[in-house]
Amino acid sequence: MNDAKKPLWLVLAPVIFTLLWAGGYGVAKVGLQYAEPMTLLSLRFSTVVILLVPFYLYLRPALPKRRADWLHLVVVGVLVQAVYFGFCWWAFRTGVSAGVLAIFMSLQPILVAILAPTLARENVSWKRWFGLLLGLAGVLIVIIARSDIEPPTVIGVGFSIMGLLGITSGVLYEKRFGGTAHPIVANIVQYAAGFSVVFPIAFFFETMQVQWNGEFIAALGYLAIGNSILAISLLLAMIRAGEVSRVSSLMFLVPPLAALFGWLLLGEEMPPVAWIGMAVAAVGVAIAAHKRRKSDHAPMVKQDRMKEV
């Protein structure tokens with residue numbers, strides 16, 4: 001779709017999504033000062049569902065007609081909400097900083113680029129590969145530079161990797177099997193699915209004690225509305241409107257913003273060399289996100305038409 005023909009919200013979606021998503025790292029770590037990971041996630045997911053139900057009752061959007069469509073929504077919800085956020089927030093509890101976790105998550109485009117041709121039926125050009133690998137080089141520079149200040153623990157790295165696999169699997173699954181469910185319906189189902197996974201963990205393995213104060217309520221509000229409803233809706237919309245590897249390459253823009261939010265909210269330091277690495281990653285995302293020629297899309301159009309037949 002030509003940019004001139006896109007609605008304004010879709011043109012602005014990458015910028016809005018990146019800011020909301022990056023801010024979520026630091027805000028989540030603020031919230032985790034007052035509640036345990038699965039407890040906070042349970043509150044977040046239940047808040048999202050409660051906020052969306054009135055909109056569903058008012059708009060009455062169509063529900064998925066096939067059982068398979070319901071199942072696909074549940075699978076994406078578990079992968080993105082429970083697996084991704086669950087392991088990321090456990091990583092925070094082990095001491096992983098907001099900036100470092102965002103850097104781990106920026107490896108997602110590399111995994112997507114490797115897996116997309118097979119799982120999402122999408123070709124990745126050599127120019128996009130170069131951009132993705134350049135982004136990876138920037139990520140490694142940041143990890144090495146910041147390890148002198150606060151090296152991540154082994155368990156923290158493990159949790160970060162599991163979170164990375166969760167979001168990568170969720171993006172690919174949505175691209176391959178995602179339907180046309182209304183965003184409100186999709187969000188209600190997916191956050192309910194995430195809640196069904198994290199709440200039992202919180203109930204049996206956490207104290208579920210919360211220190212209610214203004215800072216915690218503000219963090220919960222941001223995570224529920226800004227990070228969950230707005231950012232996830234934009235992500236799914238961009239995935240459905242474009243290519244999965246191009247959408248995922250936006251993640252390279254998240255680390256510098258997450259590091260900035262981490263510094264503002266938590267006082268987390270980022271050495272000068274790390275900012276150079278983030279600049280390298282930003283160049284990588286610019287290359288990876290660059291549009292391909294119309295001829296490059298021809299095989300994909302042919303595949304889609306064959307699938308429709």
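These values consider heavy atoms only, across backbone and side chains, with no hydrogens, waters or symmetry-generated copies.
- Looking only at distances, no side-chain donor or acceptor of Glu174 sits under 3.5 Å from a matching main-chain atom of Val76.
- A continuous path of hydrophobic side-chain contacts links Leu51 to Ile188 [ILVMFWY only; heavy atoms under 4.5 Å].
- The number of heavy-atom neighbours closer than 6.0 Å to CH2 of Trp263, taken from other residues, nucleotides and ligands shown, is 12 or below.
- The distance from atom OH of Tyr56 to atom CZ of Arg60, rounded to the nearest 0.5 Å, is 6.0 Å.
- Leu79 is not listed as a side-chain neighbour of Tyr84, based on a closest heavy-atom distance of 4.5 Å or more.
- Annotation: side chain of Ser46 is not in contact with side chain of Val49 (no heavy-atom distance under 4.5 Å).
- In this structure, CG on Leu59 lies 6.0 Å from NE2 on His182, to the nearest 0.5 angstrom.
- Considering CG of Leu230 and CG of Asn187, their distance stands at 9.5 Å, rounded to 0.5 Å.
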Practice problem: Please lay out, stage by stage, how Thr47 and Leu220 fare under the test side-chain contact (heavy atoms from CB on, under 4.5 Å). | Solution: CA-CA 9 Å; Thr47 300; Leu220 178 61; 4.3 Å; yes
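- If you chain together hydrophobic residues whose side chains sit under 4.5 Å apart, Leu264 and Trp21 never meet in one group.
- Following chains of ILVMFWY side-chain contacts shorter than 4.5 Å, one cannot reach Ile276 starting from Val100, and the two form parts of different hydrophobic clusters.
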Quiz item: Given Phe104 and Leu164, is the side-chain contact (heavy atoms from CB on, under 4.5 Å) satisfied, shown in steps?
Solution: CA-CA 7 Å; Phe104 272 104; Leu164 171 62; 5.8 Å; no
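- Hydrophobic clustering (side-chain heavy atoms under 4.5 Å, transitive across Ile, Leu, Val, Met, Phe, Trp, Tyr) keeps Phe85 apart from Ile50.
- When atom types are taken as modelled, the side chain of Lys29 and the backbone of Val96 share a donor-acceptor pair closer than 3.5 angstrom.
- No side-chain heavy atom of Ile201 sits less than 4.5 Å from a side-chain heavy atom of Glu206.
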Exercise. Please lay out, stage by stage, how Gln33 and Leu266 fare under the test side-chain contact (heavy atoms from CB on, under 4.5 Å).
Key: CA-CA 11 Å; Gln33 296 176 350; Leu266 304 163; 3.7 Å; yes
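- The OH atom of Tyr191 lies 10.5 Å from the CG atom of Leu41; values are rounded to the nearest 0.5 Å.
- Taking the side chain as every heavy atom from C-beta outward, Phe177 and Leu172 never approach each other to under 4.5 Å.
- The minimum heavy-atom distance between Leu257 and Ala22, with the atom names listed, is CB-CB, 3.4 Å.
- Judged purely by atom type and a 3.5 angstrom limit, Tyr34 has no side-chain atom pairing as donor or acceptor with the backbone of Ile217.
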Exercise. List the steps and the verdict of side-chain contact (heavy atoms from CB on, under 4.5 Å) for Trp275 and Val280.
Key: CA-CA 9 Å; Trp275 290 106; Val280 173; over 6 Å; no
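- One distance of note links CE of Met162 with CZ of Phe87; it measures 4.0 Å at 0.5 Å rounding.
- Without hydrogens or angle criteria, Thr94 side chain to Ala91 main chain gives a donor-acceptor distance under 3.5 Å.
- With hydrogens and angles ignored, the 3.5 Å screen pairs a side-chain donor or acceptor of Trp70 with a backbone N or O of Pro64.
- The 12-atom threshold is not exceeded at CZ of Phe55, counting heavy atoms of other residues, nucleotides or ligands nearer than 6.0 Å.
- Not a single donor-acceptor pair under 3.5 Å links the side chain of Arg176 to the backbone N or O of Tyr173.
- Judged by distance alone, with hydrogens and angles left aside, the side-chain atoms of Asp69 form no donor-acceptor pair with the main-chain N or O of Ala181 at under 3.5 Å.
- For Ser228 (side chain) and Ile225 (main-chain N/O), no donor-acceptor pair under 3.5 Å exists by modelled atom type.
- Of all the heavy atoms in Ser42 and Val198, the pair that sits closest is OG-CG2, 3.6 Å.
- Between the side chain of Thr168 and the backbone N or O of Leu165 there is no donor-acceptor pair closer than 3.5 Å.
- Atoms CG and CG, on Leu234 and Leu20 in that order, are 7.0 Å from each other to the nearest 0.5 Å.
- Checked by atom type and distance alone, the side chain of Gln190 never pairs as donor or acceptor with a backbone atom of Gln81 at under 3.5 Å.
- Side-chain contact between Leu223 and Leu40 is present, with heavy atoms from C-beta onward closer than 4.5 Å.
- A 4.5 Å side-chain heavy-atom check between Tyr25 and Val254 finds at least one atom pair inside the cut-off.
- For the pair Val273 and Ile141, the tightest heavy-atom approach, listed with the atom from each and the gap, is O-CG2, 3.8 Å.
- The two residues Ala186 and Leu73 come nearest to each other via the heavy atoms CB-CD2, 3.8 Å.
- Connection of Leu71 to Val83 is established within a shared hydrophobic cluster, with ILVMFWY side chains joined at heavy-atom distances below 4.5 Å, either directly or through further cluster members.
- Residue Met105 comes nearest to Cys88 through the heavy atom pair SD-SG, 3.9 Å, listed as atom of the first residue, atom of the second, then distance.
- For the pair Arg44 and Phe195, the cation does not sit on the ring face, since its NZ or CZ is not both under 6.0 Å from the ring centre and inside 45° of the axis.
- Ring pair Trp90/Phe205: centre-to-centre distance not below 6.0 Å.
- The shortest heavy-atom contact between Pro37 and Leu32 is CA-CD2, 3.6 Å.
- Within the 4.5 Å cutoff, side-chain heavy atoms of Leu134 are placed close to those of Val283.
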